[in-house]
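See below for the structure under consideration.
Positions are given from 1 along the sequence. Keep in mind the model is a prediction, meaning the values are calculated, not measured. Below, all heavy atoms of this structure are taken into account, side chains as well, without hydrogens, waters or symmetry copies.
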Amino acid sequence: MIDQIERPEKPQPGLPLERFSSNSAVQKAMLFMQQNLDRSITVSDTAKHVEMSRRQMERQFKHEFGLTPSEILRQIRLDHAELLLLTTDKSLTDIAAEAGFADDSHFIRIFRQHWRTTPNVFRAEHSRNAANVRAH
């Protein structure tokens, strides 16, 4: 159980960010993205939150990761969706909504581009692998 809400610049309990930046504005932007996955936030919303222009934030993300803020947000959404696929039996519609995708077809398309498989096949393969590990 969560005892208290962390400050906005600190990660909330749950899935840790896969990436870290020593640039505090970039780190704060990524935490904002993670904390607002279920909302349809934009890069402009994120830039406003960290009090910089969209262009300035894009340059800093490119410098830190070689990726745009949109690409990082997509990766954060995919990481969260992957966790839900592996740890829950929520429907793809629920996972898509919780991870911030427009709908389940958008989620499936983006997931397939990233993993080269569908979310259902990914879930089935990983649950089969987990069952095999437990059996041995």
Would you please classify the geometry between the Phe107 ring and the Phe111 ring as parallel, tilted or perpendicular, with 30° and 60° separating the classes?
perpendicular
Determine whether Ile72 and Phe65 make a side-chain contact, defined as any pair of heavy atoms from C-beta on separated by less than 4.5 Å.
yes
Would you indicate whether the side-chain heavy atoms of Thr68 and Lys62 approach each other to under 4.5 Å?
yes
Would you call His114 and Gln75 a side-chain contact if the rule is heavy atoms closer than 4.5 Å?
yes
Residue pairs meeting side chain to side chain donor-acceptor pair (under 3.5 Å), one or both in residues 84-103, sequence neighbours left out, come to His80-Glu98, Lys90-Glu98, Ser91-Asp94, Thr93-Asp104, Asp103-Ser105
Would you indicate whether the side-chain heavy atoms of Phe122 and Leu86 approach each other to under 4.5 Å?
yes
Residue pair Asn23 / Gln60, side-chain donor-acceptor N/O under 3.5 Å:
yes
Taking Met52 as the starting point, is it possible to reach Leu73 by hopping between hydrophobic residues whose side chains are less than 4.5 Å apart?
yes
What is the distance from atom NE2 of His49 to atom CG of Asn36, rounded to the nearest 0.5 Å?
7.5 Å
Quick one: which of Thr46, Asp45, Val43 gives a side-chain contact (heavy atoms from CB on, under 4.5 Å) with Arg54?
Val43
Please check if Val121 and Ile108 belong to a single hydrophobic cluster, counting links between Ile, Leu, Val, Met, Phe, Trp and Tyr side chain heavy atoms closer than 4.5 Å.
no
Report yes if the side chains of Arg74 and Leu78 come closer than 4.5 Å at any heavy-atom pair, otherwise no.
yes
Any Glu71 side-chain heavy atom under 4.5 Å of Phe61 side chain
no
Quick check on the hydrophobic clustering: are Met33 and Leu84 connected, directly or via other members, by side-chain heavy-atom contacts under 4.5 Å?
no
I need the Ile95 CD1 to Leu85 CG distance, nearest 0.5 Å.
4.0 Å
Applying the side chain to side chain donor-acceptor pair (under 3.5 Å) criterion to Ser21, which one of Gln27, His63, Glu64, Lys28 satisfies it?
Glu64
Same apolar cluster (I L V M F W Y, side chains within < 4.5 Å links), Leu83/Phe101:
no
Between Leu37 and Ile110, is there shared hydrophobic-cluster membership here, with clusters defined by ILVMFWY side-chain heavy atoms closer than 4.5 Å?
no
For atom CD of Glu51, is the number of surrounding heavy atoms from other residues, nucleotides or ligands below 6.0 Å larger than 12?
no
